[in-house]
Asker: 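Shown below is the structure under consideration.
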Amino acid sequence: MFPELNNLLDTTPDRPEQGRLTLLCDARTDGSFLVHHFLSFYLKARCKVCFVALAQSFSHYNIVGQKLGISLTTARERGQLVFFEGLKAAVDVIFRTPREEPQPLQFLREATAESLQPLYDFVQKSLKPEANEDTWWRWPVLLVDDLSVLLSLGVGAVSVLDFVHYCRATVCWQLKLRILWRLPQATAQRDRSLTYQYKIQDKNVSFFAKGMSPAVL
């Protein structure tokens, strides 16, 4: 978790915002540090987290998490973190004997890679509160890293968008989060954007107003 980024977003683990969909996009730069930030942030905020990791292994995220002050192993063992390791699951689906029940990445064995229903079912089951589950957790959070991997595996863009839509509906409606409808007059404020430069360090990230980085002065 990066304190400077929390200041820019005006949030802390003590008062995380509920009912938000955040889409991370990067081009000609590496924005993966944002995934690690939000993962550590929501674990420290005592949220129940389902992390669909399609880009890296569990050990990778755990090593980075330790630098940010969290242990994914501990969070998983106590039931706060449900971690889906996509790389390992893909190997199971492709090279091992098929199981009777559908696998989250079952589309890898199908002629047309269109159905993400099994993956959605996994997310829905992971986020659904259990009768004997520790009520110490706050609301559920879903993180996916990253959706473009599904496109690379042959899933159509429409299917990926449907997957995002149903996941959002599950988190925001079935699990009692809010869905906010913004009025047209709020469009100008909603579309306001700020641009920052950043420098990634070993255990932190520094942010600068555009053109104010010492590297370009």
Side-chain angles (χ1 to χ4, degrees), residues 16 18-23 35 38-62 65 70-94 96-110 112-151 153-156 158-179:
Q18 189 176 5
R20 166 180 289 186
L21 171 65
T22 302
L23 178 64
V35 175
F38 285 114
L39 177 58
S40 61
F41 176 90
Y42 285 113
L43 289 178
K44 290 183 179 180
R46 297 188 293 106
C47 294
K48 176 68 177 290
V49 178
C50 174
F51 187 20
V52 179
L54 303 173
Q56 299 286 350
S57 65
F58 176 83
S59 60
H60 168 80
Y61 295 103
N62 192 37
I70 61 167
S71 171
L72 301 192
T73 301
T74 301
R76 186 169 63 174
E77 289 176 350
R78 66 187 181 186
Q80 184 186 9
L81 172 66
V82 178
F83 191 97
F84 177 72
E85 192 166 0
L87 297 177
K88 182 178 179 181
V91 172
D92 290 341
V93 171
I94 296 174
R96 297 185 182 177
T97 304
R99 301 179 186 178
E100 294 183 1
E101 69 277 7
Q103 300 283 57
L105 299 184
Q106 188 66 32
F107 66 85
L108 293 175
R109 276 187 172 269
E110 298 174 353
T112 58
E114 288 298 325
S115 176
L116 292 177
Q117 181 70 40
L119 183 60
Y120 166 72
D121 292 339
F122 170 83
V123 170
Q124 186 182 41
K125 181 179 178 181
S126 300
L127 293 178
K128 184 177 180 179
E130 298 181 5
N132 60 346
E133 189 173 14
D134 193 342
T135 57
W136 185 75
W137 313 131
R138 283 177 171 172
W139 51 82
V141 172
L142 170 64
L143 298 176
V144 182
D145 183 26
D146 67 49
L147 288 172
S148 66
V149 173
L150 296 175
L151 298 175
L153 294 174
V155 181
V158 174
S159 296
V160 174
L161 291 175
D162 287 343
F163 171 72
V164 173
H165 168 75
Y166 283 109
C167 287
R168 185 183 186 188
T170 296
V171 173
C172 294
W173 177 63
Q174 295 183 18
L175 300 179
K176 311 302 182 184
L177 299 180
R178 296 176 299 164
I179 297 181

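The residues of the chain are indexed from 1 along the displayed sequence.
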Asker: Testing the basics here: between Gln80 and Lys48, what is the closest heavy-atom pair and its distance to 0.1 Å?
Answerer: O-CD, 3.3 Å

Asker: Atom SG in Cys50, atom NZ in Lys128: separation rounded to 0.5 Å?
Answerer: 15.0 Å

Asker: Step by step, would you call Phe51 with Val35 a side chain to side chain contact (heavy atoms under 4.5 Å, CB included)?
Answerer: CA-CA 10 Å; Phe51 187 20; Val35 175; 4.0 Å; yes

Asker: Using the side chain to side chain contact (heavy atoms under 4.5 Å, CB included) rule, take Leu161 and Val164 through it: C-alpha gap first, then chi angles, then the decisive distance, then the call.
Answerer: CA-CA 5 Å; Leu161 291 175; Val164 173; 5.6 Å; no

Asker: Determine, step by step, whether Leu116 and Asp162 satisfy the side chain to side chain contact (heavy atoms under 4.5 Å, CB included) criterion, reporting the C-alpha distance in whole Å, the side-chain angles of both residues, the deciding distance to 0.1 Å, and the verdict.
Answerer: CA-CA 9 Å; Leu116 292 177; Asp162 287 343; over 6 Å; no

Asker: For Gly86 versus Leu105, what's the shortest heavy-atom pair and its separation?
Answerer: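 The answer is O-CD1, 3.6 Å.
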
Asker: Check side-chain contact (heavy atoms from CB on, under 4.5 Å) between Ser71 and all other residues, then give those that pass, not counting sequence neighbours.
Answerer: Asn62, Thr73, Thr74

Asker: Stepwise, does the side chain to side chain contact (heavy atoms under 4.5 Å, CB included) test hold for Trp139 with Val171?
Answerer: CA-CA 9 Å; Trp139 51 82; Val171 173; over 6 Å; no

Asker: Nearest 0.5 angstrom please: Leu142 CG to Cys47 SG, how far?
Answerer: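 SG of Cys47 is found 12.5 Å from CG of Leu142.
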
Asker: Side chains of Tyr61 and Asp145, heavy atoms from C-beta outward: is any pair under 4.5 Å?
Answerer: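 SC-SC contact between Tyr61 and Asp145 confirmed.
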
Asker: Starting at CG of Leu143, measure out to OH of Tyr42 and round the result to the nearest 0.5 Å.
Answerer: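 With rounding to 0.5 Å, CG (Leu143) is 7.5 Å from OH (Tyr42).
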
Asker: Does Phe84 have any ring pair (Phe, Tyr, Trp, His ring centres under 6.0 Å) partners at least two apart in sequence or in another chain, and if so, which?
Answerer: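 For Phe84, the residues satisfying ring pair (Phe, Tyr, Trp, His ring centres under 6.0 Å) (neighbours in sequence not counted) are Phe122.
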
Asker: Check whether any side-chain heavy atom of Val123 sits under 4.5 Å from a side-chain heavy atom of Val144, and report yes or no.
Answerer: no

Asker: When rounded to the nearest 0.5 angstrom, what distance separates CG in Leu72 from CG in Leu43?
Answerer: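 One gets 6.5 Å once the value is rounded to the nearest 0.5 Å.
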
Asker: Could you grab the distance from atom SG of Cys167 to atom CG of Leu119, nearest 0.5 Å is fine?
Answerer: 7.0 Å

Asker: How many angstroms lie between CG in Asp121 and CD in Gln106, if you round to the nearest 0.5 Å?
Answerer: 12.0 Å

Asker: Does Thr170 offer a backbone N or O that forms a donor-acceptor pair with the side chain of Gln124 under 3.5 Å?
Answerer: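 Here the side-chain-to-backbone pair does not exist.
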
Asker: Please list, chain by chain and in numerical order, all residues satisfying ring pair (Phe, Tyr, Trp, His ring centres under 6.0 Å) with Phe58, sequence neighbours excluded.
Answerer: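 Partners of Phe58 by the ring pair (Phe, Tyr, Trp, His ring centres under 6.0 Å) criterion, ordered by chain and then number, come out as Phe83.
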
Asker: List the atom of Leu87, the atom of Ala55, and the distance in Å for their closest heavy-atom pair.
Answerer: CD1-O, 4.1 Å

